[in-house]
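Notes to accompany the following structure.
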Amino acid sequence: MRRVRRKAGNKDKVFGCDLLEHLAASNQEIPQVLQCCSEFVEKQGIVDGIYRLSGVSSNIQKLRSEFESDGTPDLHKDVYLQDIHCVSSLCKAYFRELPNPLLTYQLYDKFAEAVAIQLEEERLVKIRDVLQELPAPHYR
């Protein structure tokens, strides 16, 4: 019986999952955690260093567990409104824990070449070209 629970838990796992697999399993175009957190930050996060400063670790862990167990937590609870940095920190953690980064390992060399171009206009064109090679879920 434990084995069945683990498999079900892995299916619902939010963090540390391959982006393509997670989106296919959840039937979404953008991960719910990123959708909710980015919308919240856009509305409530008019503060300096919203993605630079870290939130309180216990608040980040609480929010993380709510996303993994409930799906969509209420971000308007006082704990999150008082520590808005925990919401932005959770977004950063999501990206950090992707097994294949948003700007994929497969395109790493192309991105490195693009950002090394000296002329700004040429560099931007090359970066845009490489971005368009991303798998659709990564691009979105």
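Model, not experiment: these values are computed from the prediction. Quick note: residue numbers are just sequence positions, from 1. For the numbers below, each heavy atom of this structure counts, side chains included, while hydrogens, waters and symmetry mates do not.
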Side-chain hydrophobic cluster, 4.5 Å single linkage: members besides Tyr105: none

Backbone of Gln118 reached by a side-chain donor or acceptor of Arg123 within 3.5 Å: yes

Donor-acceptor under 3.5 Å (His138 side chain, Leu102 main chain): yes

Closest non-hydrogen atom pair, Tyr80 against Leu75: CB-O, 3.4 Å

Atom of Leu131, atom of Tyr139 and distance for their closest heavy-atom approach: O-CD1, 3.1 Å

Contact summary for Leu34 and Ser38, nearest pair of heavy atoms: O-OG, 2.7 Å

Any Phe111 side-chain heavy atom under 4.5 Å of Thr104 side chain: no

Donor-acceptor under 3.5 Å (Lys13 side chain, Glu68 main chain): no

In one Ile/Leu/Val/Met/Phe/Trp/Tyr side-chain cluster, 4.5 Å: Leu98, Leu23: yes

Audit row: Lys110, Lys126, side-chain contact (heavy atoms from CB on, under 4.5 Å) steps and yes/no: CA-CA 9 Å; Lys110 289 184 179 185; Lys126 183 65 175 173; 5.7 Å; no

Sidechain-backbone polar pair: Asp83 side chain, Gly55 backbone, donor-acceptor under 3.5 Å: no

Inter-residue atom distance Ser57.OG - Arg64.CZ, 0.5 Å rounding: 10.5 Å

Value rounded to 0.5 Å, distance of CG in Leu90 from CG in Asn59: 11.0 Å

Leu63 side, atom CG; Lys77 side, atom NZ - distance, nearest 0.5 Å: 9.0 Å

Partner set under side chain to side chain donor-acceptor pair (under 3.5 Å) for Asn100, not counting sequence neighbours: Gln106

Spacing of Cys36 atom SG and Ile30 atom CD1 [to the nearest 0.5 Å]: 11.0 Å

Chi angles and distances behind the side-chain contact (heavy atoms from CB on, under 4.5 Å) call for Phe40, Leu81: CA-CA 10 Å; Phe40 180 77; Leu81 289 170; 3.7 Å; yes

N/O donor-acceptor pair under 3.5 Å between Ser88 side chain and His85 backbone: yes

Val115 with Leu124, same ILVMFWY side-chain cluster at under 4.5 Å: no

Pairwise distance CG(Leu53) to CD1(Ile84) - rounded to 0.5 angstrom: 11.5 Å

Co-membership, hydrophobic cluster, residues Val14 and Leu20, 4.5 Å side-chain: no

Glu113 and Tyr108: side chain donor to acceptor below 3.5 Å: no

Common cluster, Val33/Val79, ILVMFWY with side-chain heavy-atom separation under 4.5 Å: yes

Residue pair Val56, Cys86: steps toward the side-chain contact (heavy atoms from CB on, under 4.5 Å) verdict: CA-CA 6 Å; Val56 175; Cys86 77; 5.8 Å; no

Atom pair OG1 (Thr72) and CD (Gln32), whose distance is rounded to the nearest 0.5 Å: 4.0 Å

More than 12 heavy atoms from other groups under 6.0 Å of CD on Glu120: no

Donor-acceptor contact below 3.5 Å, side chain Ser89 vs main chain Ser54: no

Ion pair Glu97/Lys92, N-O distance below 4.0 Å: no

